[in-house]
**Q** 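Dropping a structure here in structure tokens format, bear with me for questions.
Each ligand, and each atom within it, is numbered from 1 in the order the structure gives. Note that the structure is a prediction, hence the values are computed from the model and not measured.
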Amino acid sequence: MGIGVYFTLPLGSSGTFLPVKGPPTIMATVAFHGVTKLFPGGDKAAVDHLDLHIDDGEFLVLVGPSGCGKSTSLRMLAGLEDVDKGTIAIGGNDVTEFQPKDRDIAMVFQNYALYPHMTVGENMGFGLRIAGEDKAEIKRRVQDAARILDLTKFLDRKPKALSGGQRQRVAMGRAIVRKPQVFLMDEPLSNLDAKLRVQTRAQISALQRRLATTTVYVTHDQVEAMTMGDRVAVLKDGVLQQCDTPRRMYEHPNNVFVAGFIGSPAMNLLELPLVDGGVSFGGSVVPVPRAAIAGIGEHSVTLGVRPEDLAITTGSGLDVTIDVVEELGADAYVYGQADIHGRRQPIVVRADGRIPPKRGEVITLSYAAERTHLFSTVSGERLVD
Ligand SMILES: Nc1ncnc2c1ncn2[C@@H]1O[C@H](COP(=O)(O)OP(=O)(O)OP(=O)(O)O)[C@@H](O)[C@H]1O
Ligand SMILES: [Mg+2]
């Protein structure tokens, strides 16, 4: 797709023109407004008052642990699941009550669901054939999609004669030929081995940018989320925790859950007692603004610090006894425990891979003050902006 006619539309007041594929269409934004899903027999909502606005052409990744409501959110957007409360809009139109076929979306599932008795080309064109599209047009679109996905030489093969990665591309092709307003993808890479997953992840990102089709992509893998998404929405127990760019999410997690979920190894989250003016970390005091804890009556605060924002020092700091050293070549991750006011707390630090410390050693850690995060130990919410 995107081959052949290009229309140009004026963009803003700057006078620049951008190529837009196909005939001018309405802006395919997606909006969830207070969307709630309660499955029969479930004691709490699988998706709870989801508010999310996705821009036209944006690649939004929904991420979170198993059972947090990712697939349910996507299936409601696709019309495969009823919405109990709230509304869903595509391109500004309320589609909450629309049949899936009337929503102008295309979905790519985890288990590709290719028809084994059809060739790759027939699989890709099937949706268009059902929709009564003209034969020559189907052929043209299938060939265009095959070219984009590097599948041309496989068009006459059956799916069983393809590798996992190639099948995955056929499933993508089937979505592309439809020229939908929105792509929905539910863990489309989870059947691929690790190496292929990384490759295919890059291909999907590049393809999405090229087609500029609004995309909602579901994964439980935070690395996938961070590397692919323009923005990432983190869900937990059906509740949206934060929706931000990957960088913002990494540098400014709104709560302890997001802080611990995004990043690998995870951010250290240390429960530290409040002392005068702040929390005590290995003899020095990380300042906590009085206003941040005013009225919440906390005795301790959770300090978040990423493994790369700690450093092994010869000066004073927090003493850590090393349990495990993971050597990765360039870096080493050092896992140990610190005695913090009578409690052992686990801690991980990134160290130089060429001269890593050894198991059993005691090291002293300092931290980059401007790179710490403070959270309420009670509510888990971020305390300081
Ligand atoms: N058809 C159903 N009937 C009853 N409960 C359901 C149904 N589908 C999902 N659920 C429940 O809703 C919650 C959210 O499920 P969902 O499939 O959306 O999770 P998910 O985030 O996609 O998880 P995973 O990463 O494991 O795919 C879960 O608690 C699940 O058990
Ligand atoms: Mg799922």
**Q** Evaluate V320 against Q337 for side-chain contact (heavy atoms from CB on, under 4.5 Å), listing each step before the verdict.
**A** CA-CA 5 Å; V320 171; Q337 310 218 20; 5.8 Å; no

**Q** How far apart are the closest heavy atoms of P289 and V384, and which atoms are they?
**A**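 That would be CD-CG2, 3.7 Å.
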
**Q** In plain terms, say whether R129 and E133 are close enough for a salt bridge, that is, a side-chain N and a carboxylate O under 4.0 Å apart.
**A**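 Looking at E133 together with R129, the answer is no, because their closest N to O distance does not fall below 4.0 Å.
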
**Q** Could you check whether any heavy atom of R75 sits closer than 4.0 Å to an atom of ligand 1, since that is the contact criterion I want to use?
**A**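 No, R75 has no heavy atom closer than 4.0 Å to ligand 1.
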
**Q** How are the rings of Y333 and Y335 set to each other: parallel, tilted or perpendicular (split at 30° and 60°)?
**A**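 Correct class here is tilted.
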
**Q** Does any part of the side chain of L270, heavy atoms only, come nearer than 4.5 Å to the side chain of I347, both counted from C-beta?
**A**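 They are in contact (side-chain heavy atoms under 4.5 Å apart), so the answer is yes.
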
**Q** Quick test: of every protein heavy atom, which one is nearest to atom 29 (O) of ligand 1, and how far off is it to 0.1 Å?
**A**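 Ranked first by proximity to atom 29 (O) of ligand 1 is G67 O, 3.9 Å.
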
**Q** Got H220 and V63 here, is their nearest side-chain heavy-atom distance under 4.5 Å?
**A**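 Of all side-chain heavy-atom pairs linking V63 with H220, none is under 4.5 Å.
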
**Q** Please identify which atoms of ligand 1 are closer than 4.0 Å to at least one heavy atom of A46.
**A**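 Ligand 1 atoms under the 4.0 Å threshold to A46: 12 (O), 13 (C).
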
**Q** Does the side chain of L318 reach to within under 4.5 Å of the side chain of I340, using non-hydrogen atoms?
**A**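 SC-SC contact between L318 and I340 confirmed.
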
**Q** So, for atom 13 (C) of ligand 1, does the protein have a heavy atom nearer than 4.0 Å?
**A**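 Looking at atom 13 (C) of ligand 1, one finds that a protein heavy atom does lie closer than 4.0 Å.
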
**Q** Which residue holds the protein heavy atom closest to atom 26 (O) of ligand 1, what is that atom called, and what is the gap in Å?
**A**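 Going atom by atom, the protein heavy atom closest to atom 26 (O) of ligand 1 ends up being S66 OG, 2.5 Å.
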
**Q** Please determine which of E251, H252, R306, R382 meets the side-chain hydrogen bond (donor to acceptor under 3.5 Å, both in side chains) test together with H373.
**A**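 Option passing the side-chain hydrogen bond (donor to acceptor under 3.5 Å, both in side chains) with H373: R382.
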
**Q** G69 heavy atoms, cut-off 4.0 Å: which ligand 1 atoms fall inside?
**A**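 Every atom of ligand 1 under 4.0 Å from some heavy atom of G69: 14 (C), 18 (O), 19 (O), 20 (P), 21 (O).
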
**Q** Starting from atom 3 (N) of ligand 1, which protein heavy atom do you reach first, and at what distance in Å?
**A**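 Result: F39 CD2, 3.5 Å.
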
**Q** Any N/O/S atom, side chain or main chain, of S71 closer to the Mg ion (ligand 2) than 2.8 Å?
**A**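 Of the N, O and S atoms in S71, at least one lies under 2.8 Å from the Mg ion (ligand 2), which means yes.
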
**Q** Below 4.0 angstrom from a heavy atom of E187, which ligand 1 atoms are there? Numbered from 1 as shown, please.
**A**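 Numbered from 1, ligand 1 contributes 25 (O).
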
**Q** How far is atom 16 (P) of ligand 1 from its nearest protein heavy atom, and which residue and atom name does that atom have?
**A**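 Protein heavy atom at minimum distance: T72 OG1, 3.5 Å.
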
**Q** By number and element, which atoms of ligand 1 are closer than 4.0 Å to a non-hydrogen atom of C68?
**A**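 Taking each heavy atom of C68 in turn, ligand 1 has 19 (O), 21 (O) under 4.0 Å.
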
**Q** What protein heavy atom sits nearest atom 17 (O) of ligand 1, and how far away is it?
**A**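 Answer for atom 17 (O) of ligand 1: S71 CB, 3.8 Å.
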
**Q** Give the C-alpha distance, both sets of side-chain angles, the deciding distance and a yes or no for side-chain hydrogen bond (donor to acceptor under 3.5 Å, both in side chains) between D186 and S71.
**A** CA-CA 7 Å; D186 195 348; S71 295; 2.7 Å; yes

**Q** Nearest protein heavy atom to atom 25 (O) of ligand 1, by residue and atom, and its distance?
**A**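 Nearest neighbour among protein heavy atoms for atom 25 (O) of ligand 1, to 0.1 Å: K70 NZ, 2.8 Å.
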
**Q** Answer yes or no for atom 31 (O) of ligand 1: protein heavy atom present at a distance under 4.0 Å?
**A**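 No.
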
